[in-house]
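Since the model is a prediction, treat every value here as computed from it, not as a measurement. Letters A, B, ... mirror the listed sequences (proteins, then strands); counts begin at 1.
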Protein chains: 2
Amino acid sequence: MGRGPTSKDVARLAGVSQSTVSYVMSGKRSISAETLRRVEEAMATLNYQPHAGARALAGSRTNTIAIVMPFASAYDAGQLMAFVEEFVLAARRHDCDVLLVTAEEGIEGLRRITGRSLCDAAVVMQVTAHDERAEAARHLDFPVMFIGVPEDPSGLACADFDFESAGSLLVEELAGLGSARVSVLGWSAESVARDYNYIVRFSRGVRNAAQARGLPVEWHPTPAEGSFASSIDAGLHADGGRTGVIMTSGLPAGMRALAARGLVPGRDVDVVALCTEAEAEEQSVPLTAVSTQPRDVSRRVAGRLFSLIEQGRRAEEGVDVVPAELVRRASTRAG
Amino acid sequence: MGRGPTSKDVARLAGVSQSTVSYVMSGKRSISAETLRRVEEAMATLNYQPHAGARALAGSRTNTIAIVMPFASAYDAGQLMAFVEEFVLAARRHDCDVLLVTAEEGIEGLRRITGRSLCDAAVVMQVTAHDERAEAARHLDFPVMFIGVPEDPSGLACADFDFESAGSLLVEELAGLGSARVSVLGWSAESVARDYNYIVRFSRGVRNAAQARGLPVEWHPTPAEGSFASSIDAGLHADGGRTGVIMTSGLPAGMRALAARGLVPGRDVDVVALCTEAEAEEQSVPLTAVSTQPRDVSRRVAGRLFSLIEQGRRAEEGVDVVPAELVRRASTRAG
DNA sequence: TTGTATGCGTTATCAT
DNA sequence: ATGATAACGCATACAA
């Protein structure tokens with residue numbers, strides 16, 4: 001593991017000074033066509049690559065972004081991966097690398113990556129309503145973007161999917177189809193207890209829209225499949241009108257519960273969901289759904305973050321919301 | 001983003017030389033109890049953290065491991081995440097960070113991270129039978145571990161789940177239950193075409209065991225649900241004896257195909273699967289299955305890698321295989 | 001348009 | 001047991 005060629009080697013081979021090589025790379029001063037050619041040729045023949053550590057030490061940029069990931073979370077793994085992949089691709093386009101940090105490290109993790117100058121900025125995923133990291137970031141002279149919106153986002157740069165609108169859209173859809181009440185197959189009590197704000201906001205959207213339409217809402221935490229099942233038996237065909245179903249987490253189990261009772265979405269029940277497009281389409285009956293767009297969110301975050309980094313500024317306060325859209329599929333009757 | 005305190009600041013506050021501070025951190029020479037105390041106190045009050053770049057430049061270690069991830073792959077996202085999480089946790093225990101690189105970057109990515117001294121070692125996931133990165137790694141004076149085994153693993157350090165045994169175990173199980181033939185609901189033609197070696201090895205395991213038992217095998221690529229469905233109609237109840245089913249990818253679709261025909265696993269058909277434990281357990285009928293143990297594989301890789309790094313050596317040739325185990329659940333009749 | 005020289009914050013080799 | 005001091009490879013202010 002002997003070190004590779006340095007900018008000094010390149011300089012010698014090109015017959016210029018080391019600083020010229022540096023300037024060729026940064027483009028921070030004009031270079032004559034001839035020297036440019038020779039330096040680039042030398043770099044190519046030596047297969048030169050700048051030493052990241054030296055660069056970080058001399059300049060003040062690491063060309064690295066940390067991304068704080070919630071691994072063992074209630075969130076869907078596919079969504080997380082989509083977000084992260086999109087972000088890594090964006091980072092590479094800006095000649096940056098991505099450092100992976102577990103949320104488990106908590107606030108100490110933030111301190112570590114900033115204190116050790118491991119990165120130029122951080123992206124914190126899966127923010128809770130009262131996230132200690134939010135408070136920490138407010139007093140940090142360091143660009144941090146949050147995916148998810150804490151209860152008090154003042155002074156923070158956040159981006160997220162519009163879960164509140166998502167909830168409303170789904171209720172509106174069911175209402176438009178003539179549902180007399182709404183049954184939500186929601187997150188586990190555990191997820192709710194974790195205080196993830198997106199759940200809070202989604203619920204608020206559902207509640208508001210339902211209230212506006214005068215529809216009663218029933219909530220069923222996911223693992224309590226029994227409560228949902230008995231609700232199916234008791235309520236879906238009640239006299240007071242049809243019950244519309246909103247599925248969020250635990251989609252497979254929910255679909256099975258319906259199937260076990262011979263209920264076909266779109267024929268016997270109207271079912272809408274909050275899930276990925278892939279999930280919506282791979283069900284026995286493709287689901288009318290609002291899908292959270294992890295790649296969209298990721299692109300926005302990357303866009304905002306890199307524009308800031310390139311200007312050497314701190315992340316700007318502001319919540320960036322990716323709009324929710326509903327896609328109609330077979331699980332709801334033709335309007 | 002002013003720089004934080006340096007070891008020089010710590011030294012001044014503790015009334016010692018800067019080099020002493022460095023030695024306190026590395027533990028590479030003995031320090032008197034008194035100075036140790038004062039230095040540690042100074043570090044604490046200043047909240048000192050060493051500059052990663054400077055450290056990488058002066059020493060020759062970055063304390064970073066790169067992990068080359070296949071994002072948009074056929075592999076299950078949950079498995080990938082489990083592997084990665086486990087690895088990050090292990091890395092932190094060794095005071096290392098993890099750099100995320102997309103497989104998309106291919107061989108150039110390897111060159112980049114080594115050339116720029118971004119990391120001390122790399123983990124390459126999702127290796128194909130004839131992986132160009134394998135060839136590249138052989139000529140690299142740099143520790144690389146592969147998850148997955150290329151056709152020619154000579155000179156490489158690999159680790160993987162024992163897919164071949166997994167295939168055999170599943171066939172043996174069905175054979176033991178009296179199956180007269182085996183139907184494999186396998187990967188898409190696309191996945192197979194991508195040349196992932198784990199598919200090859202799994203298939204080999206199935207084929208060998210079936211041959212030994214004299215059982216005919218039928219293969220059904222996943223998206224061609226129709227072929228599997230008609231095979232169900234035609235064959236599962238044929239006279240020549242029961243057909244055992246092995247499910248690999250496309251588990252939900254496969255389960256639905258059975259359900260649609262009123263076939264209950266364990267009652268009407270014996271079904272075994274290659275999937276995660278979670279998947280096996282969340283089906284309508286819990287599945288007898290061999291589960292690939294991403295966390296086990298991860299721990300082995302981490303163990304081998306860090307022991308090498310700490311000795312400053314290159315990764316040693318050798319394939320490390322995590323044994324396959326079958327767990328019986330309700331989808332197979334009581335033996 | 002280019003070269004010289006200094007400093008970034010460590011590690012590690014000499015000394016003592 | 002501890003202090004000086006010289007790299008490490010690059011960026012950049014200052015000269016020319």
Protein-nucleotide distance ([X], atom [atom1]; [N], atom [atom2]), rounded to Å:
X: A/Arg12; N: C/dT2; atom1: CZ; atom2: C1'; result: 18 Å
X: B/His51; N: C/dG7; atom1: NE2; atom2: C1'; result: 13 Å
X: A/Arg37; N: C/dT2; atom1: CZ; atom2: P; result: 13 Å
X: B/Leu118; N: D/dG9; atom1: CG; atom2: P; result: 15 Å
X: A/Arg38; N: C/dG3; atom1: CZ; atom2: C1'; result: 14 Å
X: B/Asp9; N: C/dC8; atom1: CG; atom2: C1'; result: 13 Å
X: B/Gln49; N: C/dC8; atom1: CD; atom2: C1'; result: 18 Å
X: B/Met43; N: C/dG9; atom1: CE; atom2: P; result: 17 Å

Please determine if [X] and [Y] form a salt bridge, counting it only when a charged side-chain N lies under 4.0 Å from a carboxylate O.
X: B/Glu34; Y: B/Arg37; answer: yes
X: B/Glu104; Y: A/Arg92; answer: no
X: B/Arg116; Y: A/Asp97; answer: no

Does [X] reach a base, just sugar-phosphate, or nothing at all? Heavy atoms under 4.0 Å.
X: B/Val16; result: sugar-phosphate
X: B/Glu34; result: nothing
X: A/Ser22; result: base
X: B/Ser32; result: sugar-phosphate
X: A/Arg3; result: sugar-phosphate
X: B/Ser60; result: nothing
X: A/Thr35; result: sugar-phosphate

Looking at the side chain of [X], which of [options] is the nearest nucleotide?
X: A/Gln18; options: C/dT1, D/dT5, C/dA5; result: C/dA5
X: B/Tyr23; options: C/dT11, D/dC10, C/dT13; result: C/dT13
X: A/Ala54; options: D/dT12, C/dA12, D/dC10; result: D/dC10

Self-check item: Test log, rule salt bridge (Lys or Arg N to Asp or Glu O under 4.0 Å), inputs A/Arg111 and A/Glu108
Solution: CA-CA 5 Å; A/Arg111 270 201 262 280; A/Glu108 280 312 314; 3.2 Å; yes

Exercise. Go through the N and O atoms of the side chain of B/Ser19 and the base of C/dT11, and report whether any donor-acceptor pair is under 3.5 Å.
Key: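 It does not, because no donor-acceptor pair links the side chain of B/Ser19 to the base of C/dT11 below 3.5 Å.
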
Quiz item: Does any N or O donor sit under 3.5 Å from an N or O acceptor when you compare the side chain of A/Arg29 with the base of C/dT2?
Solution: yes

Quiz item: Hey, which of these two, B/Gly53 or B/Ser26, hits DNA chain C nearer its 5' end, going by closest nucleotide?
Solution: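 Here B/Gly53 is the residue nearer the 5' end.
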
Quiz prompt | Closest-nucleotide ordering on DNA chain C, the 5'-leading residue of B/Leu57 and B/Lys28 | solution = B/Leu57

Check whether any side-chain nitrogen or oxygen of [X] sits under 4.0 Å from OP1 or OP2 of [N], and answer yes or no.
X: A/Ser17; N: C/dT4; value: no
X: B/Ser7; N: C/dT10; value: yes
X: B/Tyr48; N: C/dT10; value: yes
X: A/Lys8; N: D/dC10; value: no

Exercise. Could you say whether A/Met25 or B/Leu36 is positioned toward the 5' end of DNA chain D, judged by the nucleotide with the nearest heavy atom to each?
Key: B/Leu36

Quiz item: Between B/Glu317 and B/Ser154, does any side-chain donor sit less than 3.5 Å from a side-chain acceptor?
Solution: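 No.
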
Quiz item: So, does A/His94 use its side chain to make a donor-acceptor pair with the main chain of A/Cys96 at under 3.5 Å?
Solution: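 A pair under 3.5 Å: no.
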
Quiz item: Where do A/Asp9 and A/Pro5 come nearest, in terms of heavy atoms and distance?
Solution: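 Scanning both residues, the minimum pair turns out to be OD2-CA, 3.3 Å.
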
